[in-house]
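Residue numbers begin at 1 in each chain, while the letters A, B, ... track the order of the sequences.
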There are 2 protein chains.
Amino acid sequence: MTPQRMAILQFLEGNIDHPSAEDIFNAVKKQYPMISFATVYNTIEKLKSIDGILELNIDTSRRRYDPNIKAHHHLICNSCGKIVDIQTDFKLTIPAHISRTFEIEGNQVEFYGTCHDCRKKKVIKR
Amino acid sequence: MTPQRMAILQFLEGNIDHPSAEDIFNAVKKQYPMISFATVYNTIEKLKSIDGILELNIDTSRRRYDPNIKAHHHLICNSCGKIVDIQTDFKLTIPAHISRTFEIEGNQVEFYGTCHDCRKKKVIKR
DNA sequence: GTTACTGCAAAGCTTTTGCATCCCT
DNA sequence: AGGGATGCAAAAGCTTTGCAGTAAC
């Protein structure tokens, strides 16, 4: 456990912004200006391997990370891209002919829509 | 409508493999060896803008495309990465305090598990 | 001639890797 | 000394962009 790792962990702890590697890098850089991406990616890799964070599939342009490792879902705003956690547990059943051949271990749901701020602003959907 | 675009459309038509840009490139290359990525990405962009294909958020390492634009969901094998469509329509309701502020327009579900082939092979989960 | 599309190449962005250095036992 | 982590820089992979040439109208 090094100071850089501590700083990364502190930034991630309780973070609900689904940060990217660059977000982590920039945040830790304030405290440790010499931090390198190698360290960030090394630490991410370590955390993933011990199930300390999840790598999210919700942004095609970059990988995002989530310290909330409990199964949960996301609301994604089509206008501003904001991503909000939703902890509801959905009991989803799939057709029997599929579950016979594909053993389901879990599910993840993304809801797409428009967040409160963007509805007020009437931002045009990109 | 150019020959290259025709070839891309033909490759995508009915394709259930969720190909990446490179997959498209390689497929069309057999018929048009001079095809360039610019053309592939241009065509993808056009198709997206007219809702001819969907860009999928199911692979962190590359963008994948799906000519099936009807709302549908995916089964993803944790062992081999195979992605299978599932057309079931899930009626998901979220807590009222959230739906009051976030206007839901749609949802997409990913199921994670182990496919038939991998269960037979007893492949270790990566 | 104008417009749109192609192919090539370069650039951009994100992620990975090689390596020298440093710190801690 | 040896193992592990760091920082730097280069490389790699995917995507975007600039530009000149070409085809269609």
Side-chain angles (χ1 to χ4, degrees), chain A residues 1-13 15 17-67 76 80-81 83 126, chain B residues 1-13 15 17-67 76 80-81 83 126:
Chain A
M1 180 55 63
T2 64
Q4 291 87 341
R5 289 196 175 178
M6 283 282 287
I8 292 175
L9 291 186
Q10 280 175 21
F11 173 70
L12 287 175
E13 176 113 16
N15 187 310
D17 293 335
H18 313 86
S20 65
E22 191 179 5
D23 294 333
I24 297 170
F25 176 80
N26 288 331
V28 175
K29 196 169 194 168
K30 291 176 189 164
Q31 198 178 350
Y32 295 96
M34 312 313 296
I35 187 87
S36 75
F37 270 102
T39 301
V40 172
Y41 281 108
N42 279 342
T43 305
I44 286 172
E45 204 50 44
K46 274 279 189 327
L47 285 171
K48 280 200 300 184
S49 71
I50 62 171
D51 289 327
I53 53 173
L54 288 176
E55 187 174 277
L56 303 180
N57 271 358
I58 50 185
D59 184 338
T60 49
S61 66
R62 60 181 53 73
R63 295 179 187 175
R64 292 170 171 276
Y65 299 93
D66 195 332
I76 302 169
C80 67
I83 300 163
R126 268 175 296 169
Chain B
M1 181 55 63
T2 65
Q4 291 87 341
R5 288 196 176 178
M6 284 283 286
I8 292 174
L9 292 186
Q10 280 176 20
F11 173 69
L12 287 175
E13 177 113 16
N15 188 309
D17 292 336
H18 314 87
S20 65
E22 192 179 3
D23 294 333
I24 298 170
F25 176 81
N26 287 331
V28 176
K29 196 169 193 167
K30 293 176 188 164
Q31 197 177 351
Y32 295 95
M34 311 314 296
I35 187 87
S36 75
F37 270 101
T39 300
V40 173
Y41 281 108
N42 279 343
T43 306
I44 286 172
E45 203 51 44
K46 273 280 188 325
L47 285 171
K48 281 200 300 184
S49 71
I50 62 171
D51 290 326
I53 53 172
L54 290 177
E55 188 174 277
L56 303 180
N57 272 357
I58 49 183
D59 185 337
T60 50
S61 65
R62 59 182 53 75
R63 295 180 189 176
R64 292 171 171 276
Y65 300 93
D66 195 333
I76 302 169
C80 67
I83 301 163
R126 269 175 296 169

Specify the separation, in whole Å, of atom [atom1] of [X] and atom [atom2] of [N].
{"X": "Asp59(B)", "N": "dC14(D)", "atom1": "CG", "atom2": "P", "value": "10 Å"}
{"X": "Asn42(A)", "N": "dG7(D)", "atom1": "CG", "atom2": "P", "value": "10 Å"}
{"X": "Phe25(A)", "N": "dC13(C)", "atom1": "CZ", "atom2": "P", "value": "15 Å"}
{"X": "Tyr65(B)", "N": "dC14(D)", "atom1": "OH", "atom2": "P", "value": "12 Å"}
{"X": "Glu45(A)", "N": "dT17(C)", "atom1": "CD", "atom2": "P", "value": "9 Å"}
{"X": "Arg64(B)", "N": "dT15(D)", "atom1": "CZ", "atom2": "C1'", "value": "16 Å"}

Would you indicate, yes or no, if [N] has its OP1 or OP2 atom less than 4.0 angstrom from a side-chain nitrogen or oxygen of [X]?
{"X": "Lys46(A)", "N": "dA5(D)", "value": "yes"}
{"X": "Thr39(A)", "N": "dG7(D)", "value": "yes"}
{"X": "Arg63(A)", "N": "dT16(C)", "value": "yes"}
{"X": "Tyr41(A)", "N": "dT16(C)", "value": "no"}
{"X": "Arg62(B)", "N": "dT14(C)", "value": "no"}

Practice task
Map Thr60(B) and Ser36(B) onto DNA chain C by nearest heavy atom, then report which one ends up closer to the 5' terminus.
Solution key: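 This one resolves to Ser36(B).
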Problem - Rounded distance (nearest 0.5 Å) linking atom CD of Gln31(A) with atom CD of Gln10(A) - result: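 Rounded to the nearest 0.5 Å, the CD-CD separation comes to 6.5 Å.
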Could you work out which one of [options] sits closest to the side chain of [X]?
{"X": "Thr2(B)", "options": "dT6(C), dT6(D), dT16(C)", "result": "dT6(C)"}
{"X": "Met34(A)", "options": "dG7(C), dT15(D), dC8(D)", "result": "dC8(D)"}
{"X": "Ala38(B)", "options": "dT15(D), dG7(D), dG7(C)", "result": "dG7(C)"}

Exercise for the section: Locate the shortest heavy-atom distance separating Thr60(A) from Glu55(B); write the atom from each residue and the value. Expected result: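 For Thr60(A) versus Glu55(B), the nearest heavy atoms are OG1-OE2, 3.3 Å.
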Problem - Test item: side-chain donor near acceptor, Asp23(A) and Ser20(A), under 3.5 Å - result: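 There is such a pair between these side chains.
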Practice task
Just call it for Ser61(A): base, sugar-phosphate, or nothing, with non-hydrogen atoms closer than 4.0 Å on any strand.
Solution key: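 Sugar-phosphate contact only.
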